[in-house]
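In what follows, a structure is listed as structure tokens, so that the remarks can point back to it.
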Amino acid sequence: MNRQGKIALVTGAGSGIGRAVALRLQAAGYPVALAGRRLERLEDTAAHAVAGGGEVLTVAADVSRPESVEALFERVRERFGRLDVLFNNAGVSGSGVNTEDVSYEEWSRVVAINLTGSFLCAQQAI
């Protein structure tokens, strides 16, 4: 049980590591905000929450967009009043081609989500 009353936010909570961490936190009693680009994936994660665990909030958000990150953190503040734990997990992979074949558009997309998104979320959390 989460005896400290900590509030958690997990980005990239719709699959993989983000989903696993979000569900472990929820099972331990943490109220958890699940964030990701695809609401249906977040709702699927929420459907796996355990009875008696922490409350779950799903928020569709694109961490590469400052206004989307601001709206995400506003929803968390509205629902829970604060944030104690940020698991900054959202990320994408490139296409796996040789470096010389990576387009500028692909490079920019990966950097916007993996690097800028982490910065924007950390900035809001602070």
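Nearest heavy-atom pair across A49 and V56 is CB-CG2, 4.0 Å. The two residues F73 and L86 have their closest heavy-atom pair at CZ-CD1, 4.4 Å. The shortest heavy-atom contact between I113 and G91 is CG2-CA, 3.9 Å.
With hydrophobic clusters built from ILVMFWY side chains whose heavy atoms lie under 4.5 angstrom apart, V10 does not share a cluster with V50. By the criterion of side-chain heavy atoms lying less than 4.5 angstrom apart, applied directly or through intervening Ile, Leu, Val, Met, Phe, Trp or Tyr residues, Y30 is grouped together with I17 in one hydrophobic cluster. V69 and V111 sit in two unconnected hydrophobic clusters of ILVMFWY residues. Membership requires side-chain heavy atoms under 4.5 Å apart, directly or through other members.
Between T45 and T58 the shortest side-chain heavy-atom distance does not fall below 4.5 Å. In this structure, V85 and I7 have side chains that are not in contact, with every pair of non-hydrogen atoms separated by 4.5 Å or more. Residues R82 and D84 have side chains in contact (heavy-atom distance under 4.5 Å, counting atoms from C-beta outward). Side-chain contact between Q26 and V21 is absent, with no heavy-atom pair separated by less than 4.5 Å. Two residues are said to be in side-chain contact when any heavy atoms from C-beta on lie closer than 4.5 Å; R79 and E55 meet this criterion. V63 is not listed as a side-chain neighbour of L120, based on a closest heavy-atom distance of 4.5 Å or more. Residues D44 and E40 fail the side-chain proximity criterion, which asks for heavy atoms closer than 4.5 Å.
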Quiz prompt | Residue pair R37, V92: steps toward the side chain to side chain contact (heavy atoms under 4.5 Å, CB included) verdict | solution = CA-CA 11 Å; R37 290 176 291 146; V92 295; 3.7 Å; yes
Self-check item: side chain to side chain contact (heavy atoms under 4.5 Å, CB included) between L34 and V59, intermediate numbers included
Solution: CA-CA 6 Å; L34 310 175; V59 182; over 6 Å; no
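Distance check: S15 OG to R38 CZ gives 6.5 Å after rounding to the nearest 0.5 Å. We find the CZ-CG distance between F87 and L9 to be 11.0 Å, quoted to the nearest 0.5 Å. Within the model, atoms CZ of R19 and CG of L42 stand 8.5 Å from one another, a figure rounded to the nearest 0.5 Å. Rounded to the nearest 0.5 angstrom, C121 SG and I126 CD1 are separated by 11.5 Å. If you take CG on L23 and CG on L25, they are separated by 9.0 Å, rounding to the nearest 0.5 Å. The CD atom of Q124 sits 5.5 Å away from atom CD of E70, with the distance rounded to the nearest 0.5 Å.
Looking at T116, its side chain never comes within 3.5 Å of a backbone N or O of S64 through a donor-acceptor pair.
Residue R24 places its CZ atom among 12 or fewer non-hydrogen atoms of other residues, nucleotides or ligands, all under 6.0 Å distant.
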